[in-house]
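To start, the structure itself, in C-alpha cells.
Atoms within each ligand, like the ligands themselves, are counted from 1 in listed order. Here the structure is a predicted model, which means the values were calculated and not measured.
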Amino acid sequence: MDTHIKLYKHQQPFLSVYSPFFILLFTLLCISCQPNQQDAILIGFSQCVDDDDWRQTMYFEMQKELAFYPEARLIYKNADASNAQQIEDIKSLRDEGVDILIVSPNEAQPITPIVEEVYASGIPVIVVDRKIASDKYTAYVGGDNYEIGNIAGAYAASLLPEGGKILEISGLPGSTPAQERHRGFTDALSRFNTLSLLDSINGQWEEHIARQETRRQLSRVKEADLIFAFNDMMARATHEVLDSAKVHSKPILFGIDGLFGPSLGIDMVSQGILDATFLYPTGGDKAIELAVNILKGKPFDKENILQTTVIDQSNVKIIKSQAEKIYDQQQDIVNQQRAIEEQLAVYQNQRTLLYVLISSLAAAIILGAFALYALREKLETNRELKSKNEEILKQQQQIMQLAQESEEANQAKFRFFTDISHEFRTPITLILTSIEDILESGSSHKQALQRDILLIKRNAARLLRLVSQLLDFRRIEHGKMEVKASPGDLIPFIREIFSAFEATASKRKIDYQLLCLESELPMWFDDSMLDKVFFNLLSNAFKFTPNGGKITLMVEKDKSTQKARVLIKDNGQGMSKNQMAHAFERFYQGEQNSSMGTGLGLSLSHELIHLHHGSIKVDSEPAKGTSFEVKLPLGDTHFKESERCHSSRNEHSTVLKTIYEDEDAFEEEESVSVGSPSGFSILVIEDNTDLRKFLLTKLQQHYQVWGTEDGDSGLVLAQKEVPDLIISDIMMPGTSGLQLARQLKSDLRTSHIPIILLTARDTTEQQVEGLQTGADAYIVKPFHTRYLLARVQQLLQSRNALQAHYKSGATESAPFPPPVDGISTIDQEFLDAFRSEVLQKLGDSELHVNDIAKAVGLSRVQLYRKVKALLEVSVNDYIRQLRLEKARALLCQQELSIAEVAYAVGFSSPAYFSTVFKNEYQQSPSEFVRDTTSAS
Ligand code: FRU
C-alpha cells in the first residue's frame with residue numbers, strides 16, 4: 001500500500017507539484033525589480049486655467065524641478081477657468097490620495113472651503129499665485145501683487161510728470177492678484193494729485209475678453225494717457241485694438257508677467273509695443289521644491305514671496321539677453337534631462353533585463369536543484385521498486401516451486417495409490433483365479449485343491465498386511481499412533497523376529513546370521529512398533545537378496561551415545577543413489593521402485609522409529625547390497641509419561657511372522673514343459689512369484705512355457721527363444737512391461753510375437769498407452785484365468801489366419817498378397833526382404849538357411865521361428881516350394897529341358913527334382929510338360 005502512495009506521489013509532474021513555489025518566487029522577483037512605490041511622493045496640482053503662456057511656463061518649471069526628484073510624481077488637473085470644475089478637481093485629487101496639494105485658485109472665495117477641507121484632513125496645501133480667502137494652507141508661493149501695483153503706479157507717475165489720465169485693464173475681480181495689483185496701483189496714484197484713474201475695464205485675465213472690452217470701450221481707452229493692463233496678454237490685446245483703430249497718439253502701455261519669448265512681455269518691450277512690463281515669476285519650480293521639502297519634513301517658510309522687477313527700454317536688452325541665456329540653459333537642461341531620461345529608460349530596460357536574467361538564472365538553479373532532488377528521489381524509488389520486484393519475483397519463484405512440489409507430491413500420491421491398487425490387484429487376482437479353479441474342478445484333485453487354498457490364504461494375508469500398513473499410516477497422519485513403551489530386553493525380542501525368517505533362509509540357501517554383541521540389552525520399547533519395523537526391514541532384505549545370498553542381523557550397545565544399534569545388512573541388488581535419497585518417502589516411486597516395493601514399508605518403519613525417538617539410516621550400493629541402521633535410545637527418559645506403559649509386556653504378535661513364512665512358500669520348480677499339445681510356446685514375465693507360477697501352471701497344460709520375474713531377463717529370453725506369445729506384467733523391476741513391449745515390437749527378431757500386457761492400470765489412457773507400444777492385448781487385474789486363456793488362444797489363432805493368408809498366393813510375380821491388418825510394417829518388410837533374398841539365390845544348389853538368415857540380419861533359429869510364426873512353414877520347405885513353382889513356370893515356357901530346369905532352380909540332380917516335383921504335384925515333370933503341350 002505504501003508503495004502505491006509513494007508511486008503516485010512521484011508520478012505527479014514535477015512542475016505541478018512545485019508550481020505554487022515557482023509562482024511565489026516569480027512574484028518576489030517581480031516585486032524586487034519594481035521601483036519602490038511606497039517611497040514615491042504623489043503631488044496633486046489643481047490649475048485654474050492653462051491656455052496662456054504664463055501658466056504653461058509654470059507647468060514647464062514644475063516639470064523641470066520634478067526631474068530632480070525621481071521619487072515624486074505629479075497629478076495635474078486644469079479647471080478651464082471654472083470655479084466649480086476646480087472644486088471637483090481638488091476633491092478628486094484628495095480622493096486619489098495625493099500626499100500634498102498645490103492649488104492655484106481661479107477666484108479666492110469659491111475655492112477657499114474645499115482648500116480648507118483638504119488642509120483640515122491633514123493633506124498639506126501649497127497655494128500658488130492667486131490666494132484663497134483664508135490662512136488655512138501650509139504655504140504660499142507667488143509674487144507680491146500689491147508691490148507690483150504700487151511700483152507700476154510710481155513708475156506711471158514718473159512717466160507722466162505733467163499728470164494724466166490712467167486706465168486699468170483688470171483681471172477677474174474675485175482673484176487676489178487683480179485685487180492686490182489694483183490696490184497697490186491706486187495707492188501709488190493717490191500720492192500724485194495730477195494723476196487720475198479714468199476707469200477699470202475687466203479683461204478677466206483673458207486676451208480675447210480684454211480685446212472685446214477695449215474695443216467696446218474704445219472712446220474711453222482713447223482718452224487715457226497711460227493704460228495699465230494687469231498682464232501682458234491683455235496689454236497686447238489693447239495695443240492691437242488701438243492699432244487697428246489707428247489711434248495716432250497712443251497711450252503709454254504697461255503690462256505684467258515679463259515672459260521671454262516671441263510676442264511675449266520682454267519681446268513686446270523691446271519692440272516698443274509695451275513701455276514696460278513687470279516681472280511676475282510663476283513660482284512653479286519653487287512650489288515643487290517646497291512640496292518635497294514639506295513631505296520630507298524639512299524646514300520651510302509659509303509665505304514665499306517672489307521678487308519682481310521693472311523691464312523697460314532701459315534694461316530690456318540686458319534682460320532679454322539674460323533671458324535668452326537662461327532660455328538656452330533651460331533648453332540645455334531640458335535636453336540633458338531628455339538624455340538622462342533616455343539613459344534612465346535604457347538603464348531601466350537593462351535593469352529589467354538583468355532582473356529577468358537573474359530571475360531566470362535563479363529559477364534555473366532552483367529547477368536544477370529540484371531536478372537533481374527529483375532524480376535522486378526517482379532513483380531511490382526505482383531502487384525500492386527494483387528490490388520490491390526482486391522480492392516479488394523471489395516469492396513468485398517460491399510459489400512456483402511450492403506449486404511444483406505440491407504437483408510432484410500429488411503425482412507421487414497418485415502413483416502411490418495406483419501402485420497400492422496394483423499391490424492389491426495381484427493377490428486379489430490370485431484369490432479369484434484360485435476360487436475359480438476350485439469351483440471348476442471341485443474337490444477331485446486333493447493336491448490341487450490344497451495348493452489353491454494355500455494360495456488364497458497367503459494372498460489374503462498379504463492383503464491384510466497391506467491394509468494394516470495403510471491403517472498405520474492413517475493413524476500416524478492423524479496423530480493417533482501412540483508409543484506404548486514398556487521395559488524389556490531387546491536381545492530375545494530381536495532373536496524371535498530373526499527366527500521367523502530362518503526357514504525361508506535355509507530354503508533359499510541364504511547365509512542368514514544373527515550377531516548379538518551383548519548378552520542382554522534392557523531398555524524401554526514398544527514391541528508392536530519395533531516388531532513391524534524389524535519384520536519389514538528383514539522382509540525387504542529377503543525380497544531383494546538372491547538365493548544363496550547373505551543377510552546379517554546385528555545388535556549392539558553403542559556405549560558412547562547410550563543407544564541400542566540394530567543393523568540389517570544384505571548383499572542383494574542394492575539401490576541407486578536416487579532411490580537411497582528417497583527411500584523413506586511415502587509417495588516416492590522413482591525408477592519403478594524395484595528395490596523398495598510400494599515404499600510403504602520403509603516409510604512406515606521410518607515414521608515408527610521416529611515416534612519411538614530413534615533414528616534410521618540406509619546405506620546402499622547397486623549390485624552390492626543394502627544396510628539399514630536403527631538407533632534407539634536406552635533408558636526411559638526420552639519417553640513422555642503418556643508414552644510409557646507399566647503393565648506387563650504382551651507376548652508379541654506372531655501374525656507377521658506367519659505371513660512371511662507363507663508368503664514365499666510357493667517353491668515349486670518353474671518348469672518348462674517340453675512339447676505341448678498345441679505346439680505353441682509362451683513366455684510369462686511377472687515379478688509376483690505366486691502369479692507367475694500360477695500362470696505357468698495353467699499355461700503349461702496347453703503350451704510350452706518359460707517364466708521370468710523381470711523385464712530385462714524377459715527381453716533376453718524372448719530374443720533367445722522367440723516364443724509364439726508373451727504375457728508380461730507392466731509394473732516390474734527394471735525394464736517395465738511397456739518398455740519391453742516397445743523394444744520387442746521394434747526388434748526384427750521378435751516383432752512378430754503377440755504380446756499381452758497384464759496390469760492394474762485400468763484407465764482408458766493407460767490402456768491406450770499400453771496398446772500404443774504395439775502390444776496386442778491389455779488385460780486388467782484382477783482377471784479370470786479363462787478369459788486370459790481364451791485371449792491367448794485367440795491371438796495364436798489370428799496368427800494362424802495370417803499365415804494362411806501369406807502362404808496362399810505366394811507366387812514369383814506377386815510373392816506375397818498385399819498387407820492385411822494385423823501385420824506390422826517391420827514384419828511386412830522382413831517378409832519382402834526374405835522373399836527377394838530366396839528368389840535371388842534360388843538357382844544356387846548350395847543355398848543354406850544360414851546365408852539367408854545372415855542376409856536378413858537374424859540367427860538361424862530366429863529366422864526359423866519367425867518364418868514359422870509368420871508363414872507356418874519351415875524355411876527349407878518355403879525355399880523348396882518356391883523352387884518348384886519357378887520350375888513349373890520354366891517348364892511351361894518349354895525352352896529348357898527338364899534337366900536344365902532342375903539345375904536352374906537349384907536342384908543338384910534331375911532325378912531328385914523329379915521325385916520332389918511328383919511328391920508335390922502328383923505328376924512327374926515330363927507328365928506335366930506333356931499335359932501342358934497338349935493343352936496348348
Ligand atoms: C495668467 C495670469 C497672469 C497674471 C496672473 C494673475 O493667467 O493672468 O498673466 O499675472 O494670471 O493670477
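Of the heavy atoms in M234, none comes closer than 4.0 Å to ligand 1.
Close approach of ligand 1 to Y280 is summarised as follows: ligand atoms under 4.0 Å from at least one heavy atom of the residue are 10 (O). The contact set between ligand 1 and P177, taken as ligand atoms under 4.0 Å from a residue heavy atom, comprises 6 (C), 12 (O).
Scanning L172, D257, D50 for the heavy atom closest to atom 10 (O) of ligand 1 points to D257. The option from T176, D52, D129, D53 that lies nearest to atom 1 (C) of ligand 1, judged by heavy atoms, is D52. Counting heavy atoms only, R55 comes closest to atom 7 (O) of ligand 1 of the residues R55, Q47, E207.
Electrostatic pairing of E61 and K64 does not count as a salt bridge here, judged by no charged N lying under 4.0 Å from a carboxylate O. A salt bridge links E380 and R383; the closest N-O separation between the charged side-chain nitrogens and carboxylate oxygens is under 4.0 Å.
With hydrogens left out, the protein atom closest to atom 12 (O) of ligand 1 is R130 NE, 2.8 Å, a heavy atom. Ranking the protein heavy atoms by distance from atom 8 (O) of ligand 1 puts N231 ND2, 2.8 Å first.
Cation-pi check for R55 over F60 is not met; the charged atom does not lie both under 6.0 angstrom from the ring centroid and within 45 degrees of its normal. Cation-pi check for K131 over Y140 is met; the charged atom lies under 6.0 angstrom from the ring centroid and within 45 degrees of its normal.
Checked against the 6.0 Å centroid threshold, Y119 and Y137 do not count as a close aromatic pair. A ring-centre distance under 6.0 Å is found for F228 and F230.
Remark: of the listed residues V49, D232, D129, N231, D129 is the sole one forming a side-chain contact (heavy atoms from CB on, under 4.5 Å) with W54.
Ligand 1 lies nowhere less than 4.0 angstrom from a heavy atom belonging to M58.
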